[in-house]
A.B. asks: 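Below you'll find the structure I mean.
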Amino acid sequence: MKLEISEIIHAVGGRLLGEVDTGKFVTGISTDTRTIKEGSLFVPIAGDNFDGHDYIMQASEKGAICVLTERQSQPTDMAFPLIYVSSTRRALMDLADYYRRKCGVKVVAVTGSAGKTTTKDMMADILSQKFRTKRTIKNFNNDIGMPLSIFQLEPDDEVLVLEMGMNHANEIHELSLVGEPDIAVITHIGDAHIENFENREGILHAKLEIVDGLRPTGTVVLNGDDPLLTGAIAAEKTAQFNVLYPSTKNIVSAEPIGFQETRCTFTWHGEEIRLTVPIPGAHMVMNALLATVVGLEMGVSPAKITTAFENFTPPEGRLNIFESNGKTIIDDVYNANPSSMFEAIKVLCRKTPENENRRRVAILGDMNELGHVAEDRHREVGEFAARSNLDLLITIGDLSLHTFNAFSDNEDTTAAIHFVTLPDFLAETNILQPNDIVLVKASRGMNFEKIIQAIG
């Protein structure tokens, strides 16, 4: 990155405070003083519990050469440019929009109630086989994280893969206008964040905002097995674009290999693609198909797509399987919603010759942001678990008591234990046995990574 300070002022519609040299070049953007490097622009963000403006001097000491600010008064000892803007969050987005346009990359954007980050990484790995490609950092998918991902771009980059997330309506709309994708992908419509919407149709409308910034000649890739994405609302919203509907009709075969991989054959517009998905679960096969279609649309050959999956590493905390002290641990702690709970339980309970006689244990926690449907959805997970031949269900948390009760109400179920808090369970981890296969899954706020640390 190399931006003149005068260029930044123009991009964000800001006003320079003080008489200072604006001919210097900014070589990086940071919203956190812990990541500032020499030559950075510091963008202070006001949060619920802190205000980045209080750290402006610290940013200067660490090498920042310019700062955006919502405060119109300039400290008397400030010896570098401050640029006044009405909102630093808005200015961060405006600067990201400017920088993306300056770099001139093709953009692929992805959203959905589940599978965003994994699909993003699959697509980026595929596209990297042909193009110089950057991707969203980790899951930085909001109005602060997405700009930081855009600022990674270098002059010779060709493609940027962006993940777009939301909790409320209009958030993806803003992200899409800044990202201005050439291809937009929606993986799935489920109940994630439904506490902020009346129903799934409301979530659908919010996810479809991803096409608001789509180029007029753009392409939309929708999960063809999702009834909401193939329905009238989505059809009307995407009518002006080229719309593709990959579905199970395009999956010729999906054969599990051992516990963790699935060998697949896809067909798409006369092309046949054979690859191995190194993450368990039928939903991961669909994510791989969506990513494959994007690759083909961008001109990546089937052979290169196969190579991309040979080297694919799943994102941390998403159905990562490893062995520890005789146990097989399925680490899916990053987040949870009802559909991903069902899929993770299916993975746990799938029998292979290698694990036929081993005990299957599910450690499940609360699914957050379900609002008015929370009790019903937790009960549905318990009912599904009861039909899945689990050997032991362990639930933790207030909402997960509904999962425990629904599981226990089924006369065919075996053992179930409920813990009110995470520390309560961590004091009783000896209930697990050396030969167990253990699934660990809950919403991010449950901090179930502490379970992985304790038992792994």
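Values below: all heavy atoms of this structure, side chains included; hydrogens, waters and symmetry mates excluded.
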A.B. asks: What I'd like to find out is whether the side chain of T292 reaches to under 4.5 Å of the side chain of F309, using heavy atoms alone.
C.D. replies: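 A side-chain contact exists here, since the closest heavy-atom pair is under 4.5 Å.
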
A.B. asks: Test: side-chain hydrogen bond (donor to acceptor under 3.5 Å, both in side chains). Region: residues 446-456. Which pairs qualify, not counting sequence neighbours?
C.D. replies: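 Applying side-chain hydrogen bond (donor to acceptor under 3.5 Å, both in side chains) to every pair that reaches into residues 446-456, excluding sequence neighbours, yields R444-E449.
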
A.B. asks: I'd like to know if D212 pairs up with K237 as an ion pair, taking the criterion as any Lys NZ or Arg NE/NH1/NH2 lying under 4.0 Å from an Asp or Glu carboxylate oxygen.
C.D. replies: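 Looking at D212 and K237, the cut-off is met.
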
A.B. asks: Does the side chain of S176 come within less than 4.5 Å of P181's, by heavy atoms?
C.D. replies: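 Counting from C-beta outward, P181 and S176 do come under 4.5 Å.
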
A.B. asks: Looking at R377 and D191, does any basic side-chain N land under 4.0 Å from a carboxylate oxygen?
C.D. replies: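 Answer for the salt bridge query: yes.
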
A.B. asks: I'd like to check V185 versus I183 (side-chain heavy atoms, cut-off strictly below 4.5 Å). Are they in contact?
C.D. replies: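 Yes, side chains in contact.
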
A.B. asks: Can you tell me if T35 and S30 form a side-chain donor-acceptor pair at under 3.5 Å?
C.D. replies: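 Yes - a donor-acceptor pair under 3.5 Å links their side chains.
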
A.B. asks: Sub-3.5 Å donor-acceptor pair from the side chain of Y99 to the main-chain atoms of L3, do we have one?
C.D. replies: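 A pair under 3.5 Å: no.
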
A.B. asks: Can you tell me if E4 uses its side chain to pair, donor with acceptor, with the backbone of F25 under 3.5 Å?
C.D. replies: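 Side chain of E4 to backbone of F25, a donor-acceptor pair under 3.5 Å: no, none is there.
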
A.B. asks: Side chains of L160 and L153: closer than 4.5 Å at any heavy-atom pair?
C.D. replies: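 Yes. Closest side-chain heavy atoms under 4.5 Å.
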
A.B. asks: Could you tell me if N242 and T219 have a donor-acceptor pair between their side chains, going purely by distance under 3.5 Å?
C.D. replies: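 The answer is yes; a qualifying pair exists.
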
A.B. asks: Let me confirm one number: the CE-CD1 distance from M122 to I305, rounded to the nearest 0.5 Å.
C.D. replies: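 Rounded to the nearest 0.5 Å, the CE-CD1 separation comes to 12.5 Å.
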
A.B. asks: Below 4.0 angstrom, N of the basic side chain to O of the carboxylate: do E163 and R135 qualify?
C.D. replies: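 Here E163 does not pair with R135 in a salt bridge, since their nearest N and O are not under 4.0 Å apart.
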
A.B. asks: Any side-chain heavy atom of V381 sitting closer than 4.5 Å to one from M367?
C.D. replies: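 Touching, per the 4.5 Å side-chain cut-off.
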
A.B. asks: Is the closest basic N to carboxylate O distance between D51 and R71 below 4.0 Å?
C.D. replies: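 Salt bridge: yes.
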
A.B. asks: Does this structure show an ion pair linking E255 with R263, if we count only N-O contacts that are shorter than 4.0 Å?
C.D. replies: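 Yes.
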
A.B. asks: Evaluate the salt bridge (charged side-chain N to carboxylate O under 4.0 Å, His left out) criterion for residues R89 and E174: first the C-alpha distance (whole Å), next the side-chain angles of each, then the deciding distance (0.1 Å), finally the verdict.
C.D. replies: CA-CA 12 Å; R89 290 183 81 124; E174 296 293 337; over 6 Å; no

A.B. asks: Any chance you could lay out the side chain to side chain donor-acceptor pair (under 3.5 Å) test for S400 and H378, step after step, and finish with the verdict?
C.D. replies: CA-CA 6 Å; S400 292; H378 282 82; 4.6 Å; no

A.B. asks: Find the distance between CG (D94) and OG1 (T88) and round it off to the nearest 0.5 Å.
C.D. replies: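 Output value for this atom pair is 11.5 Å.
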
A.B. asks: Can E154 and K134 be counted as an ion pair, charged N to O under 4.0 angstrom?
C.D. replies: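 Salt bridge between E154 and K134, a charged N being under 4.0 Å from a carboxylate O: yes.
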
A.B. asks: Treating D157 as the side-chain partner and V159 as the backbone partner, does any N or O pair qualify as donor plus acceptor under 3.5 Å?
C.D. replies: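 Not at all, since once roles are kept as given, no pair shorter than 3.5 Å links the two residues.
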
A.B. asks: Step by step, work out the salt bridge (charged side-chain N to carboxylate O under 4.0 Å, His left out) result for K102 and E7.
C.D. replies: CA-CA 11 Å; K102 182 174 183 176; E7 194 177 3; 2.7 Å; yes

A.B. asks: Rounded to the nearest 0.5 Å, what separates atom CG in N139 from atom OG1 in T118?
C.D. replies: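 Between N139 CG and T118 OG1, I get 10.5 Å after rounding to 0.5 Å.
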
A.B. asks: To the closest 0.5 Å, what do you measure between OH (Y245) and CG (L222)?
C.D. replies: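 The OH atom of Y245 sits 5.5 Å away from the CG atom of L222.
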
A.B. asks: Measuring from R200:CZ to K207:NZ, what's the distance to the nearest 0.5 Å?
C.D. replies: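 So the CZ of R200 and the NZ of K207 are separated by 12.5 Å.
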
A.B. asks: Any luck finding a side-chain donor-acceptor pair between E261 and T276 under 3.5 Å?
C.D. replies: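 Checked: E261/T276 side chains show no N/O donor-acceptor pair below 3.5 Å.
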
A.B. asks: Suppose the criterion is salt bridge (charged side-chain N to carboxylate O under 4.0 Å, His left out): which pairs have a residue in residues 213-222, not counting sequence neighbours?
C.D. replies: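 For residues 213-222: E180-R215, D182-R215.
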
A.B. asks: Does a side chain donor of either S339 or N337 reach within less than 3.5 Å of an acceptor in the other side chain?
C.D. replies: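 Note: S339 and N337 side chains meet the donor-acceptor criterion.
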
A.B. asks: Answer whether the closest heavy-atom distance between the side chains of I396 and F448 falls below 4.5 Å.
C.D. replies: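 They are in contact (side-chain heavy atoms under 4.5 Å apart), so the answer is yes.
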
A.B. asks: Whether the side chain of R318 engages the backbone of E316 through a donor-acceptor N/O pair (distance < 3.5 Å, no angle test) should be reported.
C.D. replies: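 Confirmed, R318 side chain pairs with E316 backbone.
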
A.B. asks: Any donor and acceptor pair, going by atom type alone, linking the side chain of N142 with main-chain N or O of M166 inside 3.5 Å?
C.D. replies: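 The answer is no, because no donor-acceptor pair under 3.5 Å joins these two groups.
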
